[in-house]
*Asks:* 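Starting off with a structure, shown below.
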Amino acid sequence: MCRAVLPAHAGPCGELGAGPLLRWMDAAACLAAEKHAGVSCMTASMDGIQFEEAATVGQIIAIRTKVNRAFKTSMEVGIKVTVQDVLTNAEKIVELKPVQLLSAEDHLEHILAIERRIIHLGYVQVFQKLMQESNKEDTCEDKDAVSTEHTHVQSTELVLPPHANHHGNTFGGQIMPWMQTVASISARMDA
């Protein structure tokens, strides 16, 4: 999947925002999963995202996906994102999660996918435990704590047809840009 970076996708510095990129990645991964499964799929989680190179207006984003491993009711889809400069023909990796094309390395990805799934499930259990403990405890009054009172941001979005995926549903890839916008506003309020 290839997308041109347009001014509407960029921030004030002319660089591609994380929100549009995450939306494109989600759509590409969903299509790979659906092609493999033969049924409708949706993104349950994304992890291991690191940005190495910023994309700017006028460049092309190329997204390559493949199913690393399929489980009973879920699967892991690997994603490789590159940015291509149309003037110099240079190609740079935007996202560090490797997707290998050699069969021995494909096998390794297949094996590691189960390990990542175990780690992810462990995170879910730790998060649930922390949430249960935080509900039991009173608020902590730490004199060195930084107040987050002035960083509260709330956003209400009207879901329109352009916000839907090919099944007519709003999906993680659309919600992620909204979350990124709110997080950016909140971070700027505290700076």
Side-chain angles (χ1 to χ4, degrees), residues 1-5 9 15-56 59-86 89-131 162-181 183:
M1 173 178 165
C2 291
R3 298 290 302 254
V5 180
H9 304 133
E15 294 181 346
L16 176 64
L21 180 58
L22 290 171
R23 179 180 183 169
W24 300 339
M25 290 168 60
D26 182 56
C30 182
L31 291 172
E34 289 177 349
K35 185 176 179 182
H36 176 78
V39 296
S40 297
C41 296
M42 62 178 267
T43 302
S45 70
M46 279 185 156
D47 43 49
I49 298 174
Q50 286 182 289
F51 299 103
E52 182 179 282
E53 195 69 38
T56 56
Q59 294 180 317
I60 305 295
I61 296 292
I63 302 171
R64 295 172 187 90
T65 60
K66 74 167 190 165
V67 174
N68 290 333
R69 186 162 188 165
F71 304 98
K72 216 177 218 184
T73 59
S74 65
M75 64 186 80
E76 180 185 284
V77 178
I79 302 173
K80 181 178 181 181
V81 180
T82 57
V83 59
Q84 301 167 345
D85 191 318
V86 292
N89 238 3
E91 182 173 277
K92 297 178 182 175
I93 294 175
V94 173
E95 199 269 329
L96 293 179
K97 183 172 171 50
V99 176
Q100 317 308 3
L101 299 177
L102 302 175
S103 61
E105 292 172 15
D106 278 343
H107 180 68
L108 178 62
E109 276 295 320
H110 184 77
I111 292 169
L112 291 175
I114 191 71
E115 297 300 322
R116 286 189 290 269
R117 184 170 191 244
I118 290 168
I119 290 168
H120 179 72
L121 292 175
Y123 289 152
V124 170
Q125 291 173 350
V126 168
F127 178 75
Q128 289 173 345
K129 183 179 178 186
L130 286 172
M131 290 303 292
H163 301 135
N165 63 12
H166 54 285
H167 296 296
N169 301 317
T170 300
F171 59 108
Q174 176 56 50
I175 295 169
M176 285 183 257
W178 293 339
M179 291 171 57
Q180 189 252 343
T181 300

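As a basis for the values below, the full set of heavy atoms in this structure was taken, side chains included, without hydrogen atoms, waters or symmetry mates.
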*Asks:* When rounded to the nearest 0.5 angstrom, what is the spacing between CD1 in I63 and NZ in K80?
*Replies:* 13.0 Å
*Asks:* Going from CZ on R3 to CE on M25, what distance comes out if it is rounded to the nearest 0.5 angstrom?
*Replies:* 14.0 Å
*Asks:* Answer yes or no: is there a donor N or O on one side and an acceptor on the other, between the side chain of E34 and the main chain of C41, under 3.5 Å?
*Replies:* yes
*Asks:* Do you know the tightest heavy-atom contact between Q180 and G19?
*Replies:* OE1-N, 3.5 Å
*Asks:* First locate atom SG of C2, then atom CZ of R64, and finally report the distance between them rounded to the nearest 0.5 Å.
*Replies:*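 Here the interatomic distance stands at 7.0 Å.
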*Asks:* Taking the side chain as everything from C-beta on, heavy atoms only, tell me whether W24 gets closer than 4.5 Å to H9.
*Replies:* yes
*Asks:* Taking all atoms of both residues into account, what is the closest heavy-atom pair of A55 and I61, and its distance?
*Replies:* CB-CD1, 3.6 Å
*Asks:* Is it the case that the side chain of Q59 and the backbone of T56 share a donor-acceptor pair, with hydrogens and angles ignored and the cut-off at 3.5 Å?
*Replies:*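 Yes, because the side chain of Q59 sits within donor-acceptor range (under 3.5 Å) of the backbone of T56.
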*Asks:* Taking all non-hydrogen atoms of both residues, which atom of A70 and which atom of M75 are closest, and how far apart?
*Replies:* CA-CB, 3.7 Å
*Asks:* Could you state the interatomic distance from OG1 (T65) to CD1 (I79), rounded to the nearest 0.5 Å?
*Replies:*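 Answer rounded to 0.5 Å: 7.0 Å.
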*Asks:* If you count heavy atoms of other groups shown closer than 6.0 angstrom to CE of M42, is the number above 12?
*Replies:* no
*Asks:* Report yes if some heavy atom in the side chain of I60 is under 4.5 Å from a heavy atom in the side chain of V5; otherwise report no.
*Replies:* no
*Asks:* Should L21 and V81 count as side-chain neighbours, where that means a heavy-atom distance under 4.5 Å?
*Replies:*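 In contact.
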